[in-house]
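Below, chain A is the first sequence line, B the second, and so on; all start at residue 1.
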There are 2 protein chains.
Amino acid sequence: MSPTSQPSGPGAPGSPGSPGSDSTTVQDYVKVIYSATEWQDKPVTMSALAARLQVANSSVTEMVRKLVGLGLARHEPYSPVELTPSGLRLALSMVRRHRLLETYLVWELGYGWDEVHDEAELLEHTVSDMLIERMSQRLGHPVRDPHGDPIPAADGTVQQPDAHLIGLLDDGHRGTVARISDANPDLLRYLDSEQLKLDTAVEVVGHKPFGGALTVRVGSDPGREIDLGDESAAAVWVSTVGSHPGCNLEQ
Amino acid sequence: MSPTSQPSGPGAPGSPGSPGSDSTTVQDYVKVIYSATEWQDKPVTMSALAARLQVANSSVTEMVRKLVGLGLARHEPYSPVELTPSGLRLALSMVRRHRLLETYLVWELGYGWDEVHDEAELLEHTVSDMLIERMSQRLGHPVRDPHGDPIPAADGTVQQPDAHLIGLLDDGHRGTVARISDANPDLLRYLDSEQLKLDTAVEVVGHKPFGGALTVRVGSDPGREIDLGDESAAAVWVSTVGSHPGCNLEQ
DNA sequence: TTATAGATTTAGGTATGCCGAAATTTCGCA
DNA sequence: TGCGAAATTTCGGCATACCTAAATCTATAA
């Protein structure tokens, strides 16, 4: 019933971080700028954005100019991009939507953790605040999604993990799985088949340097060992303290 | 992550009626063409389409030309529009999505029947076939939505009501409520407050002609009577035989 | 210190869908 | 039968967001 591209209106500069009047594209750019700095805080370059968004560099230049105009980002020519507080609010709202959708699809509709990303990617732009809040309520207001990523609260608060998360590749020798990047569905399916889930105990038992595979013991059973390539290992983060709250179903 | 306006691709002429590669706009036009003939089969005029879609007549001319190009509609200049079988499949698929979403929101997330229309209107373009089928399964494959409208099956079959539906205004003196247009949320809220639901027995007990209100007894209690204006009465359809299957929750 | 590779921006162009205004066609009614 | 109002189409334009190619800036390495 409505034009494909919602005219984003005057931008509602003081709005409380709800996606309201911003176009799908603006939402995507802001979310990607946020995501790029979520697990590492080097500011995002234009070409990194272009790569993540699968568009040409020149498109990024244009859209970032627009974000600046909307008060969502800061950008000096030939420099990286940063979000303004207002942009951060919008980004967190989009991340909340995405992760809550993923969680809902897994817990309420039987999706696998490898299947939810694309669906959430589309729905996050469409779903109303009301629907998001009802889903959150139905789930008991979970604080992490099926991949272990934190779900920002409606007010923009992010509950950070209780312990340091360490990439398996970096320095993580043992611990419980606290986060797995959802970027690679194949990896998620493989880990599923090996019964490696969130909160599973893991220990690195072998490591061939220079791009070789990592051998990881899964659980406490000495027999259950799997090999992970470099990229796969980098996608798995462990916590060295206890496990995390998980999906709270008390409600 | 994706452009706001999905390039609709070559149109996939032989595709099985799933919205797949059609733009949101194409989906909307086709759905509206279908809806306009669902309860009355005069073919749709261009200006009627424009009014329903809230766009200028010239926009309709353009888009209908495109629909014809995609093989979804037939149109002779200065004549009404009709769907091709392929267009009908797409329309039924969109209607299925819309009504299943409405039903899901009401039954699984506690929405009121006056709140679901707009949400479904947005989501119907975004939700995947898989999600639709999981929702249908979760609901036990319902055949009518919260307003009594039939939900087309995945194969395009529409289960028509068992009995003649008659608009209260037209000739319906008594019967059970079988369908209420979802076009007016205020009316839905009012009917809710008067405990007029689907399958409620009603009887017309008074009628002031020439645009006057209709007095309707609700249920079998002689005391419960409400007045409905012309437009409201036209939105209520009754069945003179038994009630309909309802939302089947056996699964 | 400067040359040059790489990153970034500018410039010009495409596709979708929308609009208003003007031209055209249809159709009812005198 | 013919006139005029209403419906429809055509035409020129706008906004979003994308692209390629060319120009420009930055930073590294000789």
Side-chain angles (χ1 to χ4, degrees), chain A residues 1-12 19-33 36 42-70 72-82 122 125, chain B residues 1-12 19-33 36 42-70 72-82 122 125:
Chain A
M1 300 309 185
S2 62
T4 298
S5 44
Q6 319 88 310
S8 62
S21 54
D22 298 300
S23 78
T24 293
T25 310
V26 167
Q27 293 171 7
D28 269 336
Y29 273 76
V30 166
K31 194 188 70 171
V32 168
I33 294 172
K42 275 170 288 184
V44 206
T45 65
M46 301 297 269
S47 37
L49 270 186
R52 290 225 193 195
L53 287 158
Q54 309 240 63
V55 298
N57 287 351
S58 54
S59 306
V60 175
T61 303
E62 274 179 8
M63 276 306 294
V64 167
R65 189 197 316 289
K66 177 169 186 173
L67 296 185
V68 171
L70 292 171
L72 298 170
R74 266 186 294 272
H75 180 234
E76 300 304 319
Y78 300 99
S79 300
V81 195
E82 272 176 318
L122 291 174
H125 303 295
Chain B
M1 300 309 184
S2 62
T4 297
S5 46
Q6 319 87 310
S8 63
S21 53
D22 297 302
S23 78
T24 292
T25 309
V26 167
Q27 293 171 6
D28 269 336
Y29 273 77
V30 166
K31 195 188 69 170
V32 168
I33 295 171
K42 276 170 288 183
V44 206
T45 66
M46 301 298 267
S47 37
L49 269 186
R52 290 225 194 195
L53 288 158
Q54 310 239 64
V55 297
N57 287 350
S58 54
S59 307
V60 174
T61 303
E62 273 180 8
M63 276 307 296
V64 167
R65 189 200 315 289
K66 178 169 185 174
L67 296 185
V68 170
L70 292 171
L72 298 170
R74 266 186 294 271
H75 180 233
E76 301 303 322
Y78 300 99
S79 301
V81 194
E82 272 177 318
L122 291 174
H125 303 294

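Phosphate proximity of C/dT9 to A/R65: absent, as no side-chain N or O sits under 4.0 Å from OP1 or OP2. Between A/S23 and D/dA17 there is a side-chain N or O to OP1 or OP2 distance below 4.0 Å. Phosphate contact (OP1/OP2 of D/dT8, side-chain N/O of B/H75, threshold under 4.0 Å): absent.
Here the side chain of A/K66 is nearest to one of C/dT10, D/dA17, D/dC18, namely D/dA17. Closest to the side chain of B/V55, out of D/dC18, C/dC18, D/dT10, is C/dC18.
In this structure, B/M63 places its CE atom 12 Å from P of C/dC19, rounding to the nearest Å. Look at CG on A/L53: it is 12 Å from C1' on D/dC18, rounded to the nearest Å. Atom pair A/Q27:CD and D/dA17:C1' shows a separation of 15 Å (rounding to whole Å applied). Rounded to a whole Å, the CD atom of B/E62 is 11 Å from the P atom of D/dC11.
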Legend entry - Protein-to-nucleotide contact annotation, 5' to 3' order, nucleotides 1-7 of chain C [B base; S sugar-phosphate only; - none; under 4.0 Å, heavy atom]: ------S

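B/V26 and B/K66 make their closest contact through CG2-CE, 4.2 Å (heavy atoms, listed as atom of the first residue, atom of the second, distance). The two residues A/P43 and A/P80 make their nearest non-hydrogen contact at CB-CB, 3.7 Å.
Taken from NE2 in B/H125 to NE2 in A/H125, the straight-line distance is 15.5 Å, to the nearest 0.5 Å. A/L72 contributes atom CG, which lies 8.5 Å from atom CD1 of A/I33 (distance to the nearest 0.5 angstrom).
You'll find the side chain of A/D22 stays beyond 4.5 Å of the side chain of A/Y29, heavy atoms only.
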Show me the protein contacts with nucleotides 20-22 of chain C, counting only N or O atoms at under 3.5 Å.
unit_1 : atom_1 : unit_2 : atom_2 : d
C/dG20 : O6     : B/S58  : OG     : 2.9

For residues 57-65 of chain A, run the donor-acceptor check on the side chains, cut-off 3.5 Å, and write out each pair with its distance to 0.1 Å, sequence neighbours left out.
unit_1 : atom_1 : unit_2 : atom_2 : d
A/T61  : OG1    : A/N57  : O      : 3.3

